[in-house]
Amino acid sequence: MNIVTWNVNSLNVRLPHVLRYLDEHTPDVLALQETKVPDERFPQADIEAAGYQVVFCGQKTYNGVAILSKNTASNVQAGMPEFDDAQRRVLAATINGVRIIDVYIPNGQEVGSEKYQYKLRWLDAFSAFLQQQMQAHDKLIVLGDFNIAPADIDIHDPLRWQGKIMCSERERAYFSAMLNSGLIDCVRALHPEAGMHSWWDYRLNAFPRNWGIRIDHVLATPTLHAEAAGVHRQERAQERPSDHAPVWVELAGA
DNA sequence: ATGGTTGTACGACAA
């Protein structure tokens, strides 16, 4: 199974990019974040015309997640049952016998801010939700925009970013806990080298300078046997691109 | 230089 995560930063703007990507790469599953589309206006027909099924959970202006797949999704769950949240950031579904959890983890804005506190509360809830999901499913993938750079090797300029949002010790501790629970960071496991960035700021000419950070991740149970992974960074070089590139993983165990 | 760009929506705010 080939699975991809992509923060598209508005599906209204990026629908043509997504349709072309599906045509070029034909992934089995594509998890999107920041669709910024209410459910009643989701472009379901366009995606189905491309040969994909889709489940989605969105809202106006902010957030929003969707899972596109060749095969049917079952046991679809929007949001975390134990965490009442107006922000649409979680969508779980079972596809090809694999539990897939699509996440858009809060950005947090700045360490110490109110939004940072929300990010930490949100991560507390997600940790509990993930633990429950892992107990229920032997084959599980959690993927999406984590807004966490797990280690200094994931940052173009670690000194500049030290202790900043997405790099603070408290945020990284949540990521480490997911690995300690038995999940594998597929891209890092297959690519120990630096430079596997997934996000480049629109500002400061960051992409041409390769001032990137690795904050989009695919974590999988060892039962899924990730055998190849990478970043489709050419998508960041397209006309009117998202500020994130797709991150893909090929799994032999599903 | 603590800079600047994009999306949403039409003025800020989020990222």
Side-chain angles (χ1 to χ4, degrees), chain A residues 5-21 31-43 46-47 56-66 79 85-91 102-123 126 143-150 154-168 170-172 174-175 197-217 231-247:
Chain A
T5 177
W6 194 7
N7 179 326
V8 289
N9 185 18
S10 169
L11 187 55
N12 284 327
V13 174
R14 239 65 73 181
L15 181 62
H17 304 65
V18 168
L19 294 176
R20 179 188 41 73
Y21 184 89
L32 303 179
Q33 304 87 38
E34 281 206 89
T35 55
K36 302 185 179 181
V37 184
D39 290 348
E40 62 271 18
R41 279 197 264 155
F42 193 90
D46 298 284
I47 288 165
F56 43 88
C57 172
Q59 65 186 97
K60 191 165 74 81
T61 311
Y62 304 115
N63 310 308
V65 282
D85 190 3
Q87 303 190 22
R88 307 301 192 209
R89 296 180 174 278
V90 181
L91 186 60
D102 181 12
V103 288
Y104 174 47
I105 294 179
N107 172 280
Q109 196 169 56
E110 189 180 356
V111 172
S113 68
E114 203 168 296
K115 289 194 173 66
Y116 182 70
Q117 297 306 325
Y118 166 70
K119 183 176 194 174
L120 298 179
R121 283 201 312 278
W122 196 97
L123 282 162
F126 186 70
L143 78 171
D145 178 358
F146 284 59
N147 274 312
I148 300 173
D154 300 311
I155 305 163
H156 66 90
D157 183 352
L159 281 180
R160 181 195 175 93
W161 280 86
Q162 192 164 41
K164 295 286 200 303
I165 197 68
M166 302 191 279
C167 307
S168 72
R170 293 186 70 181
E171 293 166 84
R172 284 177 169 177
Y174 285 100
F175 192 87
H197 308 320
S198 65
W199 172 77
W200 299 259
D201 200 309
Y202 282 127
R203 297 165 290 188
L204 292 170
N205 215 18
F207 182 66
R209 289 165 149 163
N210 199 21
W211 287 357
I213 298 182
R214 192 174 75 96
I215 55 174
D216 300 270
H217 307 294
V231 180
H232 283 139
R233 70 161 53 208
Q234 64 268 32
E235 294 302 326
R236 185 62 179 80
Q238 294 286 333
E239 280 292 305
R240 212 176 178 191
S242 168
D243 45 354
H244 296 251
V247 175

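In the text below, chain A, chain B and the rest are named by the order of the sequence lines, each starting its count at 1. What you see is a predicted model; the values in this text were computed from it and never measured.
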Peer 1: When the distance from OH of A:Y104 to P of B:dA14 is rounded to whole Å, what number comes out?
Peer 2: 11 Å
Peer 1: Decide yes or no for A:I215 and A:D145: does some side-chain heavy atom of the first lie under 4.5 Å from some side-chain heavy atom of the second?
Peer 2: yes
Peer 1: Rounded off to whole Å, could you give me the CG-to-C1' distance for the A:D201 and B:dA14 pair?
Peer 2: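 From A:D201 CG to B:dA14 C1': 12 Å.
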Peer 1: Separation of A:Q59 atom CD from B:dG7 atom P, in whole Å?
Peer 2: 18 Å
Peer 1: Given atom OH of A:Y202 and atom C1' of B:dT6, what is their separation to the nearest angstrom?
Peer 2: 5 Å
Peer 1: Using a cut-off of 4.0 Å on non-hydrogen atoms, how would the nucleic acid contact of A:R14 be classed: base, sugar-phosphate, or nothing?
Peer 2: sugar-phosphate
Peer 1: Expressed as a whole number of Å, how far does the P atom of B:dA14 sit from that of B:dA9?
Peer 2: 14 Å
Peer 1: Given that A:R209 and A:K60 both sit by DNA chain B, which one's nearest nucleotide is further toward the 5' end?
Peer 2: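 It is A:R209, whose closest nucleotide lies nearer the 5' terminus.
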Peer 1: Hey, which of A:E235, A:R14, A:H232, A:Q238 is the one that makes side-chain hydrogen bond (donor to acceptor under 3.5 Å, both in side chains) with A:Y21?
Peer 2: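 Only one option passes, and that is A:H232.
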Peer 1: OP1 or OP2 of B:dT6 sitting under 4.0 Å from any side-chain N/O of A:S242?
Peer 2: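 For A:S242, the contact criterion (side-chain N or O under 4.0 Å from OP1 or OP2 of B:dT6) is not met.
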Peer 1: Take atom CZ of A:R41 and atom C1' of B:dG7, then tell me their distance rounded to the nearest Å.
Peer 2: 14 Å
Peer 1: Find the distance A:Y118:OH to B:dA15:P and express it as a whole number of Å.
Peer 2: 9 Å
Peer 1: According to the side chain to side chain donor-acceptor pair (under 3.5 Å) rule, which pairs have a member within residues 111-121 of chain A, sequence neighbours left out?
Peer 2: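 Non-adjacent pairs meeting side chain to side chain donor-acceptor pair (under 3.5 Å): A:D85-A:Y118, A:Q87-A:Y118, A:R89-A:Y118, A:Y116-A:S168, A:K119-A:E171.
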Peer 1: Can you check whether A:K115 has a side-chain N or O nearer than 4.0 Å to OP1 or OP2 of B:dA14?
Peer 2: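 For A:K115, the contact criterion (side-chain N or O under 4.0 Å from OP1 or OP2 of B:dA14) is met.
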Peer 1: Considering only atom C1', compute the distance from B:dG11 to B:dT6 and round it to an integer number of Å.
Peer 2: 16 Å
Peer 1: Rounded to whole Å, how long is the line connecting atom OH of A:Y62 with atom P of B:dT8?
Peer 2: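 So the two atoms are 11 Å apart, to the nearest Å.
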Peer 1: Output yes when at least one side-chain N/O atom of A:R240 is less than 4.0 Å from OP1 or OP2 of B:dG7, else no.
Peer 2: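 The answer is yes; a side-chain N or O of A:R240 sits under 4.0 Å from OP1 or OP2.
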Peer 1: Does A:F207 reach a base, just sugar-phosphate, or nothing at all? Heavy atoms under 4.0 Å.
Peer 2: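 Touches nothing.
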Peer 1: With nearest nucleotides of DNA chain B determined for A:G108 and A:S10 from heavy-atom distances, which residue corresponds to the more 5′ nucleotide?
Peer 2: A:S10
Peer 1: Hey, could you give me the CE/CZ distance between A:M166 and A:R172, rounded to the nearest 0.5 Å?
Peer 2: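 So the CE of A:M166 and the CZ of A:R172 are separated by 11.0 Å.
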Peer 1: Give the rounded distance in Å between these two atoms: CZ of A:R203 and P of B:dC13.
Peer 2: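 One finds 15 Å between P of B:dC13 and CZ of A:R203, rounded.
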Peer 1: Please give the distance between the C1' atoms of B:dC10 and B:dA1 as a whole number of Å.
Peer 2: 30 Å
Peer 1: Hydrogens and angles aside, do A:H156 and A:W161 bring a side-chain donor and acceptor to less than 3.5 Å of each other?
Peer 2: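 Yes, a side-chain donor-acceptor pair sits under 3.5 Å.
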